[in-house]
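Model, not experiment: these values are computed from the prediction. One is the number of the first residue; the rest follow in order along the sequence. Ligands are counted one by one from 1 in listed order, and the atoms in each one are counted from 1 as well.
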Amino acid sequence: MRLDVVSIFPEYLEPLNVSLVGKARSRGVLDVRVHDLRDWTHDRHHTVDDTPYGGGPGMVMKPEPWGEALDHVLASGEPAHGRPVLVVPTPSGRPFTQELAVELSGEPWLVFTPARYEGIDRRVIEEYGERLDVREVSIGDYVLAGGEAPVLVMVEAIARLLPGVLGNAASHQDDSFAPGAMADLLEGPVYTKPPEWRGRGIPEVLLSGHHGRIARWRRDQAFARTTDHRPDLIERCDPDTLDKHDRAALEELGWHRDAEDGHWQRPAGE
Ligand code: 6GU
């Protein structure tokens, strides 16, 4: 997979040389190219921003450097890569989810355009939207000063899904939020050696060697954790994906099924 990132802070993307993504690069699974947007300015001050039309606070990124930068990146594509998907990080984008990470991990070429200030002149997104699949994406309901940290987040989520990047192919099948498997439940606690640490032991069942009981215990723990941290995931889960044991586990946690639509719910305040 080829990844291009255009930014006024190319050094912010140094973590792409480290750890999992760095290894994927050195193994040739990922071809990452970071570009400095200011390389496509032509004035002495390398200006990339200007005041917003209509007034208001902050500055807006000028369209010309972005246009030249993106034209350069697009022209550097090898025919085998086709056209890239353009990923535009913005707090007003669609949520970045595991589902989108899986989808983007199947693309041969992604171009990211992390912005600073109040964002990029809208005409840039319109212009490239006529030629490319453009995804405006947010990584959560909070506001960051720029899109570089979101690019690091998204690239890590995507890169670990590429074949040969994670050691064990099974290791992302039961990720929290992976479609299927532990379908939309948060993962419960994990333990390793030593068997006793500061007087604290390991749940007996994990030492039993009884794979069926271990799987059942893990799922019960996942229901408990999801109830505490993300009850919305239980409320919107498809009740038909739950077996008899699952239903008993949820009832134990104070959930009951809605008489109308069969979805699980809990009385408010529980
Ligand atoms: Cl993608 N960008 C910025 N600036 N803030 C964010 C974000 C993106 N996602 C959540 N907050």
For ligand 1, list all ligand N or O to protein N or O distances below 3.5 Å, rounded to 0.1 Å.
from, atom 1, to, atom 2, distance (Å)
ligand 1, 4 (N), Leu144, O, 3.1
ligand 1, 5 (N), Leu144, N, 3.1
ligand 1, 9 (N), Ser138, OG, 3.3
ligand 1, 9 (N), Ile139, N, 2.9
ligand 1, 11 (N), Tyr142, O, 2.5

Hey, could you give me each pair passing ring pair (Phe, Tyr, Trp, His ring centres under 6.0 Å) that has a residue in residues 10-44? Not counting sequence neighbours.
-> Trp40-His72
In sequence, state the C-alpha distance, the side-chain angles, and the governing distance for Asp243 and Arg216, and then conclude on salt bridge (Lys or Arg N to Asp or Glu O under 4.0 Å).
-> CA-CA 11 Å; Asp243 69 13; Arg216 185 65 253 166; 3.7 Å; yes
Glu127 and Leu70: CA distance, side-chain angles, deciding distance, side-chain contact (heavy atoms from CB on, under 4.5 Å) verdict = CA-CA 11 Å; Glu127 169 82 2; Leu70 291 172; over 6 Å; no
Would you indicate whether the side-chain heavy atoms of Val6 and Asp4 approach each other to under 4.5 Å?
-> no
Run the side-chain contact (heavy atoms from CB on, under 4.5 Å) check on His256 and Glu251 step by step: do they pass?
-> CA-CA 6 Å; His256 60 86; Glu251 278 163 10; 5.6 Å; no
Under 3.5 Å, is there a donor-acceptor pair linking the side chains of Arg38 and Ser7?
-> no
